[in-house]
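Okay, structure first, notes after.
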Amino acid sequence: AMDATLAINARCREIGTRGNLRDALADQLEVLVTEDVVDRLNQRAAPLTIGITHFRPLPSGIMVSSFIDLEDVKSALLATSCIPFYFARTPAVMFRGWPAMDGAFATEKKYFGAPDTGAQVTVRS
C-alpha cells in the first residue's frame with residue numbers, strides 16, 4: 001500500500017493533482033484490489049461501510065457495505081474519494097450507473113465524515 005501511495009504522489013507531482021487524482025488512484029486499485037476482495041468484504045463479521053453521495057437523480061447519501069463484483073468495489077472506492085472538480089476532470093464519477101461523489105456531502109453536519117453505520121463503535125472526533 002505504501003508503494004501505491006508513493007506512486008500516486010509521484011504521478012500527481014509530475015502532472016498535477018487537480019483532475020488527475022482519479023486516474024492515478026484507479027491505476028493503483030487495478031494492482032491492489034484483487035478478485036478475492038469481494039468475498040472478503042461481503043463476508044466480514046463487521047462490514048466495511050463506504051459512504052457515497054449518489055445522484056439518482058437528486059443527491060442522497062448511501063452507505064454501501066455489500067459489493068456486487070470487483071468493479072463495484074473499485075467504483076465505490078473511487079466515488080468515496082471524489083471531491084468535486086478536484087478529484088477528476090468531471091464533478092462526479094460513476095457508481096452503479098449514476099453520478100456519485102464523496103459521501104461526506106450527504107452526511108448530516110453533526111456526523112460529517114463519520115455517519116452512523118450500525119457498527120458497535122463509531123469513532124468520531
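Quick note: numbers below take in every heavy atom, side chains included, and nothing from hydrogens, waters or symmetry partners.
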Next on the checklist: If I compare all heavy atoms of A24 with all of I8, which pair ends up nearest, and what's the gap?
Outcome noted: O-CG1, 3.7 Å
Checklist entry - Going from CG on D39 to CZ on R44, what distance comes out if it is rounded to the nearest 0.5 angstrom? => result 14.0 Å
Item to check | Reference residue L77; test side-chain contact (heavy atoms from CB on, under 4.5 Å); the match among I50, I52, D72 | outcome: I50
Item to check | Closest contact, heavy atoms only, P47 versus S65 | outcome: CB-CB, 4.0 Å
Item to check | Close side-chain approach of R56 and R96, heavy atoms under 4.5 Å | outcome: no
Item to check | Residue pair P99 / M94: nearest heavy atoms and the distance that separates them | outcome: N-SD, 3.8 Å
Checklist entry - Of T80, I62, L78, which is the lone residue that meets side-chain contact (heavy atoms from CB on, under 4.5 Å) with F95? => result I62
Checklist entry - Can you tell me how far OG of S66 sits from CG of L41, rounded to the nearest 0.5 angstrom? => result 9.5 Å
Next on the checklist: If we ignore hydrogens and angles and just use 3.5 Å, is the side chain of H54 paired with the main-chain N or O of G61 as donor and acceptor?
Outcome noted: no
Next on the checklist: Please evaluate residues F87 and M101 with respect to the criterion side-chain contact (heavy atoms from CB on, under 4.5 Å), reporting the C-alpha separation (whole Å), side-chain torsions for both, the decisive distance (0.1 Å), and the verdict.
Outcome noted: CA-CA 9 Å; F87 181 71; M101 64 179 63; over 6 Å; no
Checklist entry - If two hydrophobic side chains count as joined below 4.5 Å and joins carry through other members, does L25 share a cluster with V33? => result yes
Item to check | ILVMFWY cluster, L48 and V64 together (side-chain gap under 4.5 Å) | outcome: yes
Next on the checklist: Using only atom types and a distance under 3.5 Å, with no angle test, would you say the side chain of N42 pairs donor to acceptor with the backbone of F67?
Outcome noted: yes
Checklist outcome for this item: Rounded to the nearest 0.5 angstrom, the CH2-OG distance for W98 and S60 is 10.0 Å
Checklist entry - Quick one: SG on C12 to CG on L21, what's the gap to the nearest 0.5 Å? => result 5.0 Å
Item to check | Minimal non-hydrogen separation, D102 against T53, with atom names | outcome: O-OG1, 2.8 Å
Item to check | side-chain hydrogen bond (donor to acceptor under 3.5 Å, both in side chains) partners of residues 5-26, not counting sequence neighbours, each pair once | outcome: N9-R13, R11-D27, N20-R89
Next on the checklist: Using modelled atom types and a 3.5 Å cut-off, is there a donor and acceptor pairing between side-chain atoms of T49 and backbone atoms of M63?
Outcome noted: no
